[in-house]
Amino acid sequence: MAGLEFYAGIPGAIGGALTMNAGCYGAETKDVLVSAWGLNRAGERVDYQLADFGYTYRHSEAPADIIWIEATYRGRPDDPAAVQARMTAITERRETTQPIREKTGGSTFKNPEGHSSWKLVDDAGWRGKAFGGAKFSELHSNFMINFADATAADIEGLGEAVRADVKDKFGVDLQWEIRRIGRPA
Ligand SMILES: Cc1cc2nc3c(=O)[nH]c(=O)nc-3n(C[C@H](O)[C@H](O)[C@H](O)COP(=O)(O)OP(=O)(O)OC[C@H]3O[C@@H](n4cnc5c(N)ncnc54)[C@H](O)[C@@H]3O)c2cc1C
């Protein structure tokens, strides 16, 4: 079973991680979560076990009106120094492979089954290409960067242009990660 170290590489809070089934480097929230509770719009407490979340890749089936308050995780006991070393390695790997100091929302597209989004974006020729104030990072081609006061239209326009091009060239439908546009009702 995975430990909780992978969270060291993911910015954000637990509420978002529960909703997104956040994960990286081979481990996801679903590998370590036991249960969580939250409040619905009526102010009622709802209790969820892991299975109730219906987790798939970066997605939960939980109703969008629940605000998660607290979660219980099961980690894997290990030597604290070994855990710290793994967290440091994850953080260092991030620093060298992703533009985490830039204005970015992280991964732009989900990885389609059997493909890596960064490679599709790269192979289609979009690494480093800009539209208005938004561009795909030279360092990691699935990270979009706001490098010059990008508008929402710049970001959406660039992303949709890439989606159309990748579909045209490789027949693959890239899907936006939902967090940037809010959760569907
Ligand atoms: C540089 C960078 C790198 C990233 N790398 C990764 C990665 O490797 N793996 C990965 O999975 N993600 C990654 N992300 C995306 C994001 O940081 C994570 O998915 C994170 O877990 C989202 O948490 P958040 O608290 O920021 O949520 P937000 O982005 O604020 O919200 C995400 C979704 O969760 C909902 N939500 C937030 N809090 C609650 C709550 N308490 N109750 C109910 N719903 C809630 C929001 O409405 C939204 O739909 C990256 C982002 C950046 C900027």
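Each ligand, and each atom within it, is numbered from 1 in the order the structure gives. The analysis underlying the following values was restricted to heavy atoms, covering all of them including side chains, and did not include hydrogens, waters or symmetry mates.
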Quiz prompt | Polar atom proximity, Gly9 to ligand 1 (N or O, under 3.5 Å) | solution = no

Quiz item: Which atoms of ligand 1 are found less than 4.0 Å from any heavy atom of Ala22?
Solution: 11 (O), 21 (O)

Quiz item: Is Val162 linked to Trp118 within one hydrophobic cluster, defined over Ile, Leu, Val, Met, Phe, Trp and Tyr using a side-chain heavy-atom separation of less than 4.5 Å?
Solution: no

Quiz item: Is ligand 1 under 4.0 Å from a heavy atom in the side chain of Ile66, in the backbone, in both, or in neither?
Solution: backbone

Quiz item: Quick check: does Arg94 get an N/O under 3.5 Å from an N/O on ligand 1?
Solution: yes

Only distances under 3.5 Å count here; give the side-chain donor-acceptor pairs of residues 8-16 to other protein atoms, sequence neighbours excluded, each with its distance to 0.1 Å.
none

Exercise. Would you mind listing which atoms of ligand 1 come within a distance below 4.0 Å of any non-hydrogen atom of Cys24?
Key: 8 (O)

Quiz item: Taking both backbone and side-chain atoms of Gly105, is any N or O found less than 3.5 Å from an N or O belonging to ligand 1?
Solution: no

Quiz item: Has ligand 1 got any nitrogen or oxygen that is less than 3.5 angstrom from a nitrogen or oxygen of Trp68?
Solution: yes

Exercise. Could you list which atoms of ligand 1 come closer than 4.0 Å to a heavy atom of Gly12?
Key: 23 (O), 24 (P), 25 (O), 26 (O)

Self-check item: Heavy-atom side-chain proximity of Arg58 to Glu28 below 4.5 angstrom
Solution: yes

Quiz item: When only distance counts, is Ile10 in polar contact with ligand 1, meaning an N/O pair under 3.5 Å?
Solution: no

Quiz item: Are Arg93 and Tyr25 in a cation-pi setup, meaning NZ or CZ lies under 6.0 angstrom from the ring centre and within 45 degrees of the ring axis?
Solution: yes

Quiz item: How close do Thr72 and Leu33 get, heavy atom to heavy atom, and via which atoms?
Solution: O-CD1, 3.5 Å

Quiz item: For atom CZ of Arg45, is the number of surrounding heavy atoms from other residues, nucleotides or ligands below 6.0 Å larger than 12?
Solution: yes

Quiz prompt | For Ala17, the ligand 1 atoms whose distance to one of its heavy atoms is below 4.0 Å | solution = 21 (O), 23 (O)

Self-check item: Residue Asp79 excluded, over 12 heavy atoms near CG under 6.0 Å
Solution: yes

Quiz item: If you count the atoms of ligand 1 from 1 in the order shown, which ones are under 4.0 Å from a heavy atom of Ile67?
Solution: 42 (N), 43 (C)

Exercise. Heavy-atom distances under 4.0 Å are what count here, so tell me which part of Arg58 touches ligand 1: side chain, backbone, both or neither.
Key: side chain

Quiz item: Is there at least one pair of N or O atoms, one from Thr104 and one from ligand 1, spaced under 3.5 Å apart?
Solution: no

Quiz prompt | Heavy-atom nearest neighbour of atom 52 (C) of ligand 1 within options Pro11, Ala13, Ala71 | solution = Pro11

Practice problem: Closest by any non-hydrogen atom to atom 44 (N) of ligand 1: pick that one out of Asp65, Leu18, Ile100, Thr19. | Solution: Thr19

Exercise. Examine ligand 1 and decide if any of its atoms is less than 4.0 Å from a heavy atom belonging to Gly23.
Key: yes

Practice problem: Flag yes if more than 12 heavy atoms outside Lys119 fall under 6.0 Å of its NZ atom; otherwise flag no. | Solution: no

Exercise. Kindly state whether the ring of Tyr48 and the ring of Trp37 have centres lying under 6.0 angstrom apart.
Key: no

Self-check item: ring-ring contact (aromatic ring centres under 6.0 Å, His included) partners for Phe143, two or more places apart
Solution: His140

